[in-house]
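Atoms considered below: every heavy atom in the structure, side chains included; atoms not considered: hydrogens, waters and symmetry mates. Here is the naming used below: chain letters follow the sequence lines, and residue numbers restart at 1 for every chain. Here the structure is a predicted model, which is why all the values come from computation and not from measurement.
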Protein chains: 4
Amino acid sequence: MKVTQEKREQSINTMVDTALTLFSEQGYDATSIRTIAQRAGISLGLMYNYFKSKEELLVEICRRGASDVRVSFEQVSPEWQKMSAIERHIRQTVKILKEKKDFWKLIHGIRMQSEVVQRLSAEMKEQTAYVETQIRQNLIEAGIPFPELEAKLYFASLDGLAQHYLLHDNYPIDDVATLLIMKYKR
Amino acid sequence: MKVTQEKREQSINTMVDTALTLFSEQGYDATSIRTIAQRAGISLGLMYNYFKSKEELLVEICRRGASDVRVSFEQVSPEWQKMSAIERHIRQTVKILKEKKDFWKLIHGIRMQSEVVQRLSAEMKEQTAYVETQIRQNLIEAGIPFPELEAKLYFASLDGLAQHYLLHDNYPIDDVATLLIMKYKR
Amino acid sequence: MKVTQEKREQSINTMVDTALTLFSEQGYDATSIRTIAQRAGISLGLMYNYFKSKEELLVEICRRGASDVRVSFEQVSPEWQKMSAIERHIRQTVKILKEKKDFWKLIHGIRMQSEVVQRLSAEMKEQTAYVETQIRQNLIEAGIPFPELEAKLYFASLDGLAQHYLLHDNYPIDDVATLLIMKYKR
Amino acid sequence: MKVTQEKREQSINTMVDTALTLFSEQGYDATSIRTIAQRAGISLGLMYNYFKSKEELLVEICRRGASDVRVSFEQVSPEWQKMSAIERHIRQTVKILKEKKDFWKLIHGIRMQSEVVQRLSAEMKEQTAYVETQIRQNLIEAGIPFPELEAKLYFASLDGLAQHYLLHDNYPIDDVATLLIMKYKR
DNA sequence: AATGAATGAGACTTCATTCAT
DNA sequence: TATGAATGAAGTCTCATTCAT
């Protein structure tokens with residue numbers, strides 16, 4: 001029973017990891033279930049013992065990704081304690097981006113078309129609503145005019161940063177992030 | 001002969017326009033040639049008289065899009081004469097974005113996976129290299145440190161702005177753009 | 001244009017005929033589209049140019065079958081003019097059964113499970129409602145008690161006859177039909 | 001040991017009952033072994049410890065159904081003693097039909113295609129040959145002409161009755177059966 | 001005896017593309 | 001030039017069945 005459970009989870013992990021890699025490399029649509037199965041070293045049919053469909057597999061990948069984000073935002077490393085909310089947010093975003101580059105490549109690659117990802121985005125927004133509130137609060141406290149618009153610009157900039165990091169090799173994300181942080185210092 | 005030529009061009013225009021609309025609505029992969037032909041009111045086979053393949057059609061769409069960008073950047077409206085290079089660049093970008101929303105939705109929707117679009121991006125970069133130089137020059141002249149990085153941040157921010165405009169309904173792009181411009185005033 | 005139209009119809013006829021034969025031999029579920037295509041000498045994909053799905057093909061077969069029934073019931077051969085409504089109905093039913101044995105084998109083979117066929121049955125009932133009225137009227141005029149129940153028994157008997165004819169080789173349907181007719185003489 | 005034997009039989013009973021229910025609801029082909037196992041609350045693999053295949057399971061269901069028929073025909077309730085052979089046969093048939101509606105729905109649903117059921121039908125004919133002889137004898141004694149054909153018509157009518165009872169909700173089978181019986185009175 | 005993970009053939013369906021007319 | 005019939009590879013998904021534990 002326990003062995004079975006373990007085997008099951010191991011298989012699922014293998015599938016999810018392989019799928020994520022391939023999805024991020026070739027795109028969701030361009031990756032066939034057969035290819036995933038082959039690369040994962042399992043049979044085609046096994047996928048369907050655990051996931052009702054290809055989309056379900058995508059959903060699971062997203063669920064895990066979202067979970068990782070949540071965890072990552074919850075555990076603030078000690079050295080970041082004294083940072084401003086914005087600096088911490090940027091640093092954390094960059095960290096997550098680097099750690100889960102595959103996942104974010106997948107997300108950014110399909111978010112314009114996929115309903116799944118749009119649903120996920122909405123959910124993640126809810127999760128990180130607290131962070132957003134902090135950011136906005138921070139902008140207000142800094143006496144910055146138009147804090148609402150300013151927040152929009154902030155998120156757009158950070159998103160663009162992510163996009164370019166995912167799109168270009170050797171993008172100096174840390175340096176550009178530092179520059180962005182400086183814009184909001186004092 | 002000339003009439004024929006005109007009919008030909010008109011057919012092509014219809015095809016390209018219809019394809020662009022559908023691509024931006026449903027995505028490139030999810031749109032079939034048959035659907036395009038039906039919506040364009042022409043026969044399936046005719047598409048292949050004008051375009052060697054579906055990808056060729058995409059290429060043509062991109063060519064036209066790139067051309068529009070070039071034209072748009074060349075003709076500077078009089079009222080923008082006295083703007084700074086950056087302000088002008090942002091305003092023009094926003095203008096192009098609004099005018100060709102379909103096109104940009106398509107581009108942003110597939111640029112992460114499609115080689116075609118990556119090639120196009122490279123080409124467009126070459127086209128707009130002059131603009132980029134101007135921007136960088138402008139940053140330098142403004143005495144801003146790290147002009148290279150600063151340019152990267154600038155383009156990332158503008159790209160993020162575009163992304164959010166394309167992604168969200170009723171995005172107040174003009175206001176956010178104004179805010180971005182203000183960052184570079186003086 | 002006309003040629004195209006003809007080719008189209010010819011292809012469709014071939015498909016429908018082949019499908020009907022195979023469906024009646026092996027059953028609807030057990031017959032694959034691939035098999036139909038092979039036997040019809042056409043490519044697999046062509047089916048889907050004309051029929052949205054396997055079920056749609058079944059629907060078309062049923063439509064044609066129902067149409068045949070309607071036509072058959074409309075044209076009463078001269079020698080049947082003087083028959084009673086019931087005798088004529090039985091004779092016509094037997095005639096249709098023999099002429100379209102394939103079709104009826106298919107129908108009787110799947111009517112217990114298939115919604116398609118149940119819908120069709122309902123439609124055909126509407127078509128032949130007039131006949132049913134005639135039968136019932138006839139039973140009433142013959143002074144038979146419980147005409148409603150009697151009509152039910154009549155249709156059940158006729159249906160059972162059909163069933164056994166379709167199920168057993170060399171079933172003497174004409175003789176049994178004659179016997180049934182005699183039950184309702186005078 | 002005996003306990004084991006009992007458990008075994010109980011498991012088998014559960015499987016057979018569940019399978020019968022599902023087969024009659026959705027049809028034999030449309031019901032998967034996995035679904036049966038889930039609904040029966042046993043594991044997928046266990047089915048194959050008791051039945052070599054899905055068809056074997058069908059065979060067992062049919063065996064039991066046939067056995068029930070035999071038993072039912074053997075035990076004649078006292079009140080039916082004085083009925084004619086035909087009246088008794090019809091009443092018994094209706095009784096069996098009602099008691100095992102699931103089973104008969106399954107049988108009637110697949111008998112046109114399934115070899116299994118055709119084999120079973122043949123076997124059941126042998127089993128009930130005695131009854132048939134009685135019926136035929138009865139028809140002869142009643143001085144009815146063409147007793148062979150008459151027997152065929154009789155069985156067809158009864159079969160049609162069954163078919164309509166299985167096919168339509170609230171079918172007044174008792175009343176129609178009574179009417180059929182009356183046809184053979186005296 | 002019992003479990004359910006694993007398999008792979010095969011079903012339906014879509015779609016870019018070709019080609020005869 | 002224009003049509004749409006025809007093709008067949010490839011994709012997703014199902015399912016009876018096997019087998020290690």
Side-chain angles (χ1 to χ4, degrees), chain A residues 1-12 29-37 41-57, chain B residues 3-5 7-8 11 29-38 42-57, chain C residues 1-12 29-37 41-57, chain D residues 3-5 7-8 11 29-38 42-57:
Chain A
M1 177 66 184
K2 183 145 161 293
V3 170
T4 295
Q5 190 66 13
E6 270 173 24
K7 268 177 83 178
R8 180 190 170 92
E9 287 194 5
Q10 194 192 317
S11 284
I12 291 185
D29 284 319
T31 306
S32 75
I33 295 285
R34 172 162 273 117
T35 304
I36 298 171
I42 60 172
S43 76
L44 197 164
L46 187 53
M47 304 261 352
Y48 290 90
N49 275 14
Y50 299 128
F51 301 103
K52 234 173 43 207
S53 65
K54 190 183 179 184
E55 180 168 323
E56 186 92 345
L57 174 58
Chain B
V3 170
T4 301
Q5 187 66 13
K7 265 180 70 185
R8 179 191 164 89
S11 285
D29 284 318
T31 306
S32 74
I33 294 285
R34 173 164 267 128
T35 304
I36 297 170
Q38 277 169 355
I42 61 168
S43 75
L44 180 56
L46 189 52
M47 302 255 359
Y48 285 87
N49 280 14
Y50 295 135
F51 303 102
K52 224 177 53 204
S53 66
K54 189 183 181 183
E55 182 168 322
E56 186 87 348
L57 175 56
Chain C
M1 176 65 182
K2 184 147 159 292
V3 169
T4 294
Q5 190 67 13
E6 270 172 26
K7 268 177 82 178
R8 180 191 170 90
E9 287 193 6
Q10 195 192 316
S11 284
I12 292 185
D29 285 318
T31 306
S32 75
I33 295 285
R34 171 161 272 118
T35 304
I36 297 171
I42 60 172
S43 75
L44 198 164
L46 187 52
M47 303 263 351
Y48 290 90
N49 275 15
Y50 299 127
F51 301 103
K52 234 175 42 206
S53 65
K54 188 182 180 184
E55 180 167 323
E56 186 92 345
L57 175 58
Chain D
V3 170
T4 302
Q5 187 66 12
K7 266 181 70 185
R8 180 190 164 89
S11 284
D29 284 319
T31 306
S32 74
I33 294 285
R34 172 165 267 127
T35 304
I36 297 171
Q38 276 169 356
I42 60 169
S43 76
L44 180 57
L46 189 52
M47 302 255 358
Y48 285 87
N49 280 13
Y50 296 136
F51 302 103
K52 224 176 55 204
S53 67
K54 190 183 180 184
E55 182 168 320
E56 186 88 347
L57 175 58

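- Residue D:K54 comes nearest to D:D29 through the heavy atom pair NZ-O, 3.7 Å, listed as atom of the first residue, atom of the second, then distance.
- Rounded to a whole Å, the CD1 atom of D:I36 is 12 Å from the C1' atom of F:dC15.
- Here the straight-line distance linking atom CD1 of C:I12 with atom CD of C:Q10 works out to 11.0 Å at 0.5 Å rounding.
- Note that OH of D:Y50 is 5.0 Å distant from OG of D:S11, once rounded to the nearest 0.5 Å.
- Under the Watson-Crick or G-U wobble criterion, with both distances below 3.5 Å, F:dA20 is paired with E:dT3.
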Quiz item: Taking protein heavy atoms under 4.0 Å as touching, what does nucleotides 12-18 of chain E look like 5' to 3' if B marks base contact, S marks sugar-phosphate-only contact and - marks none?
Solution: SBB-SBB

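- Taken from CZ in A:R34 to CG in A:L44, the straight-line distance is 5.0 Å, to the nearest 0.5 Å.
- Computed from coordinates, the C:R8 CZ to F:dA6 C1' distance equals 13 Å when rounded to whole Å.
- Atom OG of residue D:S53 and atom CD1 of residue D:I33 lie 8.0 Å apart, to the nearest 0.5 angstrom.
- As judged by a 4.0 angstrom heavy-atom cut-off over every strand, B:Y50 is placed among residues touching the sugar-phosphate backbone only.
- In terms of position on DNA chain F, the residue among B:M47 and C:I42 whose nearest nucleotide sits closer to the 5' end is B:M47.
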